[in-house]
Amino acid sequence: MKKSWKEKATDYLPFVEDFLRKIVGEGEGELSRHYGMMRYHMGWADEELRPITAPAGKRLRPLLCLLSCEAAGGNWKEAIPAAAALELVHNFSLVHDDIQDRSPFRRHRPTVWKLWGEALAINVGDALLILACRAMEKLPQEKFRECCQILSDACLMLTEGQFLDLTFEKKERVFLEEYMEMIRRKTAALMAASAQMGATIATDDRRLVERFRSFGENLGMAFQVQDDILGLWGDEAVTGKPAADDLRQRKKTLPIIYAMEKDPRLLSLMTQAKWGEREVAEALGIINQSGAKEFAQAQAFSFYKKALEELAGLGQDSEAMQALIDLASFMVGREY
Ligand code: GRG
C-alpha cells in the first residue's frame, strides 16, 4: 500500500519542525523575547511566549520540496535544510505582509505587529529571513550555490509581486494579465522554488529540474486563484475570516477583476467613497451574476492541469510522485 501525502507529511514534517526549532532557537536573557516572538509566529508559543502548539500553517512549501526531491529520485533527508529555509522565507513574508496590509489576524491568532508593534514585527521578520540563509548553509556542499540562487531569485520575485500588489490598491482598474503577473511573483514563485530546489538536490538533470519548477509554478497559480475564490465565497468558520473578506477590503482579486470587466456597475461601486454592508451585498450580487466564480474555478483547474502535465511520464507510480500529485489536488481543492 502506497502512503498518502498526509502519511508522507507525518514522516517528513517532524524532521522539518525539529530542524526549524533548532535554527530559530530560544535566545538568552532579554533576547528570549525576540526569539519568543518568532516562535509565536511559527506556532510554537502563546502570547505570553510560553510553549504551546498553535495553528502553524500547512507547511506546504516544505512538503513540495521534500516530495519533489524524493519523486525526482533523491534522498529527501538531504533536502530538509531547503525545506526549512522555504518555510522561514514564507513566514518572514507573512509577518511583513501583515504589517503592510494592517492585518489583525493570521492563522486565527493576532498578528505579531498587532501584539508587539510594527517596529519589533519588522525586526522579527528580518530575523526569520536571515535564519533561512543559516538553514541553507546545511545543504550538501555541491548543491549549496545553485539552491541559494534559486531561493534568492524567488525572494526577489516575491518583492516584485508585493510591489505590484501594493500598487494595485491605488489603481482604479487592474487587468487580468497584470493580475496573473502579480500572483506569478507573489505566490507561485516560492512554490516553484520549492519544487525546483527539491529536484535540484535530487538530480543534475536540468530538464527534469525544469519540469518540477514549472509544476510548482503552475500549482502556485492554481493555489492562489483558489485562495481568491475562498476570499469571496469561503466559509467564515473554516477560513477564520469574515465572509466576502476580500470584497470588504476592496482587494482586486481574480473574481473581482473579472466581474469589473464584465459589469461596469461594479467598477463604480468599488470606487465609491461610502462602502457599507449594503454596498458589499450589492457588489456580491453583481459578482455572482457575472459568472466570476465559474471563471475563477476554470482558471484554477487549468493551472492545476498544466502543473500535472509537467509530471506526466516521470515515474508516476512511485510513492513520492503519487503523494505529490495528491498534495497538488488537495491544494487546489481545499475548502478552507
Ligand atoms: C522574500 C525578500 C522577500 C520579500 C517578501 C512581503 C513580501 C515581500 C511578499 C508578500 C508575499 C505573500 C504574503 C504572499 C502570499 C502567499 C500566500 C498564498 C500565503 C498563504 O500561504 P499558505 O496558505 O499559508 O500556505 P500557511 O498559513 O498555511 O503557511
Side-chain angles (χ1 to χ4, degrees), residues 41 57 60-61 85-106 111-114 117-133 148-197 213-214 216-232 241 245-258 260-261 267 270-271 296 299-300 303:
H41 180 78
L60 293 174
R61 293 148 193 86
L86 287 155
E87 189 61 21
L88 288 164
V89 166
H90 168 58
N91 279 279
F92 148 74
S93 79
L94 297 180
V95 171
H96 278 206
D97 190 58
D98 289 340
I99 301 167
Q100 290 166 323
D101 280 359
R102 323 228 42 85
S103 307
F105 293 103
R106 160 82 51 197
T111 43
V112 177
W113 76 269
K114 199 69 191 160
E118 282 177 32
L120 288 180
I122 292 170
N123 203 42
V124 161
D126 291 346
L128 290 172
L129 182 60
I130 295 306
L131 289 171
C133 299
C148 281
Q149 201 162 19
I150 295 169
L151 192 62
S152 61
D153 284 353
C155 284
L156 201 59
M157 282 184 84
L158 253 71
T159 67
E160 293 170 358
Q162 187 72 335
F163 165 80
L164 294 173
D165 199 15
L166 292 170
T167 58
F168 285 1
E169 285 171 20
K170 309 268 177 304
K171 281 188 176 176
E172 207 167 272
R173 289 204 74 157
V174 172
F175 294 96
L176 278 173
E177 307 78 65
E178 295 177 299
Y179 170 84
M180 292 298 184
E181 280 318 301
M182 186 277 283
I183 66 166
R184 191 175 299 284
R185 291 168 168 78
K186 185 171 162 162
T187 301
L190 201 57
M191 299 216 170
S194 303
Q196 187 180 4
M197 273 209 275
R213 188 208 63 77
S214 178
E217 183 180 65
N218 282 297
L219 181 60
M221 297 294 285
F223 178 79
Q224 183 58 60
V225 174
Q226 176 66 16
D227 217 51
D228 286 1
I229 295 171
L230 295 175
L232 270 181
K241 291 181 183 171
D245 192 44
D246 284 350
L247 187 56
R248 280 168 212 286
Q249 295 186 45
R250 291 195 244 186
K251 275 195 191 165
K252 296 184 186 76
T253 66
L254 182 78
I256 298 175
I257 294 170
Y258 176 86
M260 275 162 78
E261 283 186 12
L267 182 61
M270 293 283 282
T271 49
Q299 288 288 315
F303 282 119

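Since we're looking at a predicted model, the values are computed, not measured.
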Working note: R106 + D97, criterion side chain to side chain contact (heavy atoms under 4.5 Å, CB included); need CA distance, chi angles, decisive distance, verdict.
CA-CA 11 Å; R106 160 82 51 197; D97 190 58; 4.0 Å; yes
Rounded to the nearest 0.5 Å, what's the gap from [atom1] on [X] to [atom2] on [Y]? Could you check?
| X | Y | atom1 | atom2 | result |
| --- | --- | --- | --- | --- |
| L151 | L156 | CG | CG | 11.5 Å |
| D101 | L166 | CG | CG | 7.0 Å |
| L176 | M260 | CG | CE | 10.5 Å |
| I256 | L247 | CD1 | CG | 5.0 Å |
| F163 | K186 | CZ | NZ | 13.5 Å |

Is the backbone of [Y] close enough, under 3.5 Å, to the side chain of [X] for a donor and an acceptor to pair up by distance?
| X | Y | result |
| --- | --- | --- |
| R250 | M270 | yes |
| W113 | Q100 | no |
| K252 | K171 | yes |
| N91 | E87 | yes |

Hey, does [Y] have a side-chain heavy atom less than 4.5 Å from the side chain of [X]?
| X | Y | result |
| --- | --- | --- |
| H90 | L60 | no |
| L129 | L88 | no |
| R213 | E217 | yes |
| E261 | F175 | yes |

Can you name the nearest heavy-atom pair linking [X] to [Y], along with the distance?
| X | Y | answer |
| --- | --- | --- |
| H96 | G125 | NE2-CA, 3.7 Å |
| R173 | E178 | O-OE1, 4.3 Å |
| M182 | L164 | CG-CB, 3.7 Å |
| L158 | A189 | CD1-CB, 4.3 Å |
| A154 | L190 | CB-CD1, 4.2 Å |

From I122, T111, L128, residue fulfilling side chain to side chain contact (heavy atoms under 4.5 Å, CB included) relative to V95
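Testing each of I122, T111, L128 against V95, the sole residue satisfying side chain to side chain contact (heavy atoms under 4.5 Å, CB included) is L128.
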For T253 and D227, run side chain to side chain contact (heavy atoms under 4.5 Å, CB included): C-alpha distance rounded to whole Å, both residues' side-chain angles, the deciding distance at 0.1 Å, then the answer.
CA-CA 9 Å; T253 66; D227 217 51; over 6 Å; no
Is a salt bridge present between R102 and E118, judged by a nitrogen-to-oxygen distance below 4.0 Å?
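Yes, R102 and E118 are salt-bridged.
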For D98 and V112: C-alpha separation, side-chain torsions, deciding distance, then whether side chain to side chain contact (heavy atoms under 4.5 Å, CB included) applies.
CA-CA 8 Å; D98 289 340; V112 177; over 6 Å; no
Considering residues at least two apart in sequence or located in another chain, which fulfil the side-chain hydrogen bond (donor to acceptor under 3.5 Å, both in side chains) criterion with Q249?
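Partners of Q249 by the side-chain hydrogen bond (donor to acceptor under 3.5 Å, both in side chains) criterion, ordered by chain and then number, come out as D245.
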For Q149, all residues meeting side-chain hydrogen bond (donor to acceptor under 3.5 Å, both in side chains), sequence neighbours excluded:
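None.
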Pair Q224-L254, side chain to side chain contact (heavy atoms under 4.5 Å, CB included): steps then yes or no:
CA-CA 9 Å; Q224 183 58 60; L254 182 78; over 6 Å; no
